[in-house]
Amino acid sequence: MNFQLIFEELKQHQDVELAQQMSAYMKDKFVFLGVKKPLRDKICKPHFNAAKLLPIDWQFIADCWNANYREMQYVATDYLRFNKKKLCPEDIPQLCSLIKCKSWWDTVDSLDQTIGEISFNYPETKSILLEWSKSENFWLRRIAIDHQLLRKEKTDIPLLEEILINNLEQTEFFINKAMGWALRDFSKTNPDWVSRFIDRYKNRMSKLTIREASKYLKSEQ
């Protein structure tokens with residue numbers, strides 16, 4: 001993967017006004033080029049396709065993560081998602097490092113289902129997700145909570161339940177929001193289980209979590 005080539009192609013579409021808006025949306029934590037996702041995808045897709053038969057290029061990912069512009073971290077998470085079926089347990093330490101570096105919800109949420117693909121293909125890694133669900137780093141806990149999003153009938157319910165229980169009585173917004181999303185998503189598949197979980201633990205759950213989790217349950221009542 002050619003980091004410099006992709007960066008130069010993105011930079012050709014730099015939009016200063018849009019970059020300021022994008023930075024403001026992210027609480028001015030990062031500098032942006034001002035390239036939206038549809039254009040970024042259009043630029044990156046040919047490069048990803050050209051390298052689809054090659055091993056994952058971790059140096060390219062590192063270069064993207066070290067870049068000053070936030071879009072390059074998005075390129076890295078897009079590249080990882082494109083290649084998620086190639087990932088194996090040995091890649092988890094490097095993914096963990098990405099989660100902990102330049103952390104914010106945008107890159108973290110872009111990695112949760114990539115991590116989930118490893119967990120699904122290698123069940124022995126579930127123990128790692130359980131460890132993360134109790135981590136002092138709440139971004140790792142957020143990944144653990146949401147790594148089964150969109151799994152539907154293939155959701156590992158005991159694993160989901162244990163991870164959620166490990167995160168009851170939290171005050172961190174990003175954890176309580178993630179718990180609500182995980183429950184809300186699974187409520188589309190198994191509303192009875194989600195209803196029972198809420199009833200059992202509602203005194204230990206934040207109002208935010210309950211509100212998010214109950215969104216689709218209300219329509220069925």
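Computed over heavy atoms, backbone and side chain alike; hydrogens, waters and symmetry mates excluded.
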What is the minimum heavy-atom distance between Leu217 and Val194, and which atoms define it?
-> CD1-CG1, 3.9 Å
Glu17 atom CD, neighbour heavy-atom count above 12 within 6.0 Å = no
So, Ser187 side chain and Arg184 main chain: donor-acceptor pair closer than 3.5 Å or not?
-> yes
Do we see a donor-acceptor contact under 3.5 Å between the side chains of Glu172 and Asn176?
-> no
If you group Ile, Leu, Val, Met, Phe, Trp and Tyr by side-chain heavy-atom gaps below 4.5 Å, do Ile165 and Leu183 land in one group?
-> yes
Check: Asp156 and Pro158 side chains under 4.5 Å, non-hydrogen atoms = yes
Transitive ILVMFWY side-chain link Trp181 to Ile157, under 4.5 Å = no
NZ/NE/NH1/NH2 to OD/OE distance under 4.0 Å, Glu161 and Arg200 = yes
Start with the C-alpha gap between Gln59 and Asp63, add the side-chain angles, then the distance that decides, and say whether side chain to side chain donor-acceptor pair (under 3.5 Å) holds.
-> CA-CA 6 Å; Gln59 183 57 56; Asp63 290 341; 2.9 Å; yes
Are Leu159 and Leu149 co-members of a hydrophobic cluster defined by side-chain heavy atoms under 4.5 Å apart?
-> no
Once the angle between the rings of Tyr25 and Trp105 is folded into 0 to 90°, is it parallel (under 30°), tilted (30 to 60°) or perpendicular (over 60°)?
-> perpendicular
Can Arg141 and Gln170 be said to form a side chain to side chain donor-acceptor pair (under 3.5 Å), step by step?
-> CA-CA 11 Å; Arg141 284 193 277 131; Gln170 295 293 315; 2.9 Å; yes
Short side-chain to backbone donor-acceptor contact, Ser97 and Pro93, under 3.5 Å = yes
Side-chain contact, heavy-atom cut-off 4.5 Å: His147 with Trp132?
-> no
Return the set of residues passing ring-ring contact (aromatic ring centres under 6.0 Å, His included) with Trp139 (not counting sequence neighbours), or none when no residue passes.
-> Trp104, Phe174
Would you indicate whether the side-chain heavy atoms of His47 and Glu9 approach each other to under 4.5 Å?
-> yes
Qualifying residue, where the test is salt bridge (charged side-chain N to carboxylate O under 4.0 Å, His left out) with Asp106 and the options are Lys29, Arg70, Arg142 | Arg70
Take Lys100 and Leu140, measure what side chain to side chain contact (heavy atoms under 4.5 Å, CB included) needs, and give me the verdict at the end.
-> CA-CA 8 Å; Lys100 291 180 176 180; Leu140 289 177; 3.6 Å; yes
Less than 4.0 Å between a side-chain N and a carboxylate O, is that true for Glu71 and Arg40?
-> no
If you look at every heavy atom in Phe48 and Val75, which pair is closest and at what distance?
-> CZ-O, 3.7 Å
Compare every heavy atom of Asp185 with every heavy atom of Arg151, then report the nearest pair and how far apart it is.
-> N-OD2, 4.5 Å
Quick one: are Phe120 and Gln148 in side-chain contact, heavy atoms under 4.5 Å?
-> no
Contact check, side chains of Tyr69 and Phe7, non-hydrogen atoms, under 4.5 Å | yes
Using a distance-only test with no angle check, is there a side-chain donor-acceptor pair under 3.5 angstrom linking Gln12 and Glu8?
-> no
Separation between CD1 (Ile175) and CG (Asn166), nearest 0.5 Å, reads 11.0 Å
Value for CG (Asn66) from CD1 (Ile61), rounded to nearest 0.5 Å, stands at 12.0 Å
Is the backbone of Ile210 close enough, under 3.5 Å, to the side chain of Ser214 for a donor and an acceptor to pair up by distance?
-> yes
Closest non-hydrogen atom pair between Leu130 and Ser133, with its separation = O-OG, 2.6 Å
So, Arg196 and Asp192, do they make that salt bridge, N to O below 4.0 Å?
-> no
Report yes if the side chains of Tyr122 and Ile92 come closer than 4.5 Å at any heavy-atom pair, otherwise no.
-> no
Could you tell me which non-hydrogen atom of Asp57 sits nearest to which non-hydrogen atom of Met1, and how far apart they are?
-> OD2-N, 3.2 Å
Consider only side-chain heavy atoms of I, L, V, M, F, W and Y, link residues closer than 4.5 Å, and tell whether Leu39 and Met26 are in one cluster.
-> yes
May I ask you to test the Thr155-Thr189 pair for a side-chain heavy-atom distance under 4.5 Å?
-> no
Side chain proximity check, Leu18 to Val35, heavy atoms < 4.5 angstrom = no
Mind checking the CD1-CG spacing from Ile118 to Leu95? Nearest 0.5 Å is all I need.
-> 5.0 Å
Full working for side chain to side chain contact (heavy atoms under 4.5 Å, CB included) between Phe138 and Phe173 = CA-CA 10 Å; Phe138 66 80; Phe173 169 84; over 6 Å; no
Contacts under 3.5 angstrom, residues 81-89 side chains, donor-acceptor by atom type, not counting sequence neighbours:
unit_1: Arg81; atom_1: NH1; unit_2: Asp78; atom_2: OD1; d: 3.2
unit_1: Arg81; atom_1: NH2; unit_2: Ser110; atom_2: O; d: 3.3
unit_1: Asn83; atom_1: OD1; unit_2: Lys86; atom_2: NZ; d: 2.9
unit_1: Asn83; atom_1: ND2; unit_2: Tyr79; atom_2: O; d: 2.9
unit_1: Lys85; atom_1: NZ; unit_2: Glu117; atom_2: OE2; d: 3.3
unit_1: Lys86; atom_1: NZ; unit_2: Lys52; atom_2: O; d: 2.7
unit_1: Lys86; atom_1: NZ; unit_2: Leu54; atom_2: O; d: 2.5

Separation of Lys202 NZ from Ser195 OG (nearest 0.5 Å) | 11.0 Å
Taking atom CG of Asn167 and atom CD of Glu162, what is their separation to the nearest 0.5 Å?
-> 11.0 Å
Residue pair Lys102 / Trp65: nearest heavy atoms and the distance that separates them = NZ-O, 2.6 Å
Can any side-chain N or O of Gln73 pair as donor or acceptor with the backbone N or O of Ala67 at less than 3.5 Å?
-> yes
Listed by chain and number, what are the ring-ring contact (aromatic ring centres under 6.0 Å, His included) partners of Phe186, not counting sequence neighbours?
-> Trp193
Between atom CD1 of Ile143 and atom SG of Cys96, what is the distance when rounded to the nearest 0.5 Å?
-> 9.5 Å
hydrophobic_cluster_shared for Leu150 and Leu80, side chain cutoff 4.5 Å | no
Would you sort out whether Asp146 and Gln113 count as a side chain to side chain contact (heavy atoms under 4.5 Å, CB included), showing the intermediate values?
-> CA-CA 8 Å; Asp146 282 343; Gln113 290 179 61; over 6 Å; no
